[in-house]
Amino acid sequence: GLTYVVPRTREIVVGGTEVEGEWSRTPDPDVADQVLHRATALVPQLEGARVLRHKVGLRPVRPGVRLDREGAVVHCYGHGGAGVTLSWGCADAVVELVDD
């Protein structure tokens, strides 16, 4: 399944899931176990790590990211679960649109 491991300054974020039509914001313990198992398979050093919290994030997605300008408004959305991955390149593109 969809899996990511994102190191931060004081914690590591692991995830994820992608279930079309699922809008519950309540963490499911079974899903959390599955996510942690997949993340540990990718990064064995996570074995035994203390889990600080469980969170559910809703990531609206489109068939393609909308990144364009209409007058003074710059649209940049629809990244789905790839928001962190795409953020750097999209931010550069937004700056170019604003500078034009």
Side-chain angles (χ1 to χ4, degrees):
L2 176 69
T3 306
Y4 57 84
V5 178
V6 180
R8 292 184 169 174
T9 304
R10 296 190 173 154
E11 60 193 13
I12 299 170
V13 177
V14 300
T17 61
E18 184 176 13
V19 181
E20 187 172 338
E22 177 58 68
W23 293 103
S24 174
R25 295 190 58 208
T26 302
D28 178 327
D30 291 332
V31 172
D33 287 344
Q34 293 168 15
V35 168
L36 191 54
H37 177 76
R38 292 194 313 266
T40 302
L42 285 175
V43 182
Q45 295 86 342
L46 292 173
E47 184 69 43
R50 183 169 57 104
V51 176
L52 302 177
R53 66 188 160 275
H54 296 278
K55 295 179 92 173
V56 174
L58 304 178
R59 308 287 195 278
V61 67
R62 300 167 54 90
V65 172
R66 179 176 182 189
L67 204 165
D68 60 34
R69 181 176 179 167
E70 285 185 74
V73 176
V74 174
H75 299 276
C76 183
Y77 58 85
H79 302 81
V84 170
T85 307
L86 300 175
S87 64
W88 301 101
C90 287
D92 287 342
V94 166
V95 169
E96 287 180 27
L97 287 173
V98 170
D99 285 345
D100 286 345

Using a 3.5 Å cut-off and no angle test, enumerate the donor-acceptor pairs between side-chain atoms of residues 35-51 and protein atoms at least two apart in sequence or in another chain.
| from | atom 1 | to | atom 2 | distance (Å) |
| --- | --- | --- | --- | --- |
| R38 | NE | T3 | OG1 | 2.8 |
| R38 | NH2 | L2 | O | 2.8 |
| R38 | NH2 | G16 | O | 2.5 |
| T40 | OG1 | L36 | O | 2.8 |

ask   = Has E11 got more than 12 heavy atoms of other residues, nucleotides or ligands less than 6.0 Å from its CD?
value = yes
task = Step through the shown structure and confirm whether more than 12 heavy atoms of other residues, nucleotides or ligands are within 6.0 Å of CZ on R8.
result = no
query = Quick one: NE2 on H79 to CZ on R62, what's the gap to the nearest 0.5 Å?
reply = 10.5 Å
CG on D28 to NE2 on H54, rounded to 0.5 Å = 10.5 Å
key: side-chain contact (heavy atoms from CB on, under 4.5 Å) assessment of R53 paired with K55   = CA-CA 7 Å; R53 66 188 160 275; K55 295 179 92 173; 3.9 Å; yes
query = Any donor and acceptor pair, going by atom type alone, linking the side chain of T17 with main-chain N or O of V19 inside 3.5 Å?
reply = no
Do [X] and [Y] share a hydrophobic cluster (ILVMFWY, side-chain heavy atoms under 4.5 Å, transitive)?
X	Y	answer
V31	V5	yes
Y4	V56	no
L67	V98	yes

task = Under 4.5 Å between side-chain heavy atoms, chaining through other members, with only Ile, Leu, Val, Met, Phe, Trp and Tyr counted: pull out the rest of the cluster around W88, sorted by chain and number.
result = none
Of all the heavy-atom pairs spanning [X] and [Y], show the shortest one and how long it is.
X	Y	answer
L97	R69	O-NH1, 2.5 Å
W23	L58	CE3-CD1, 3.7 Å
G80	V61	CA-CB, 3.7 Å

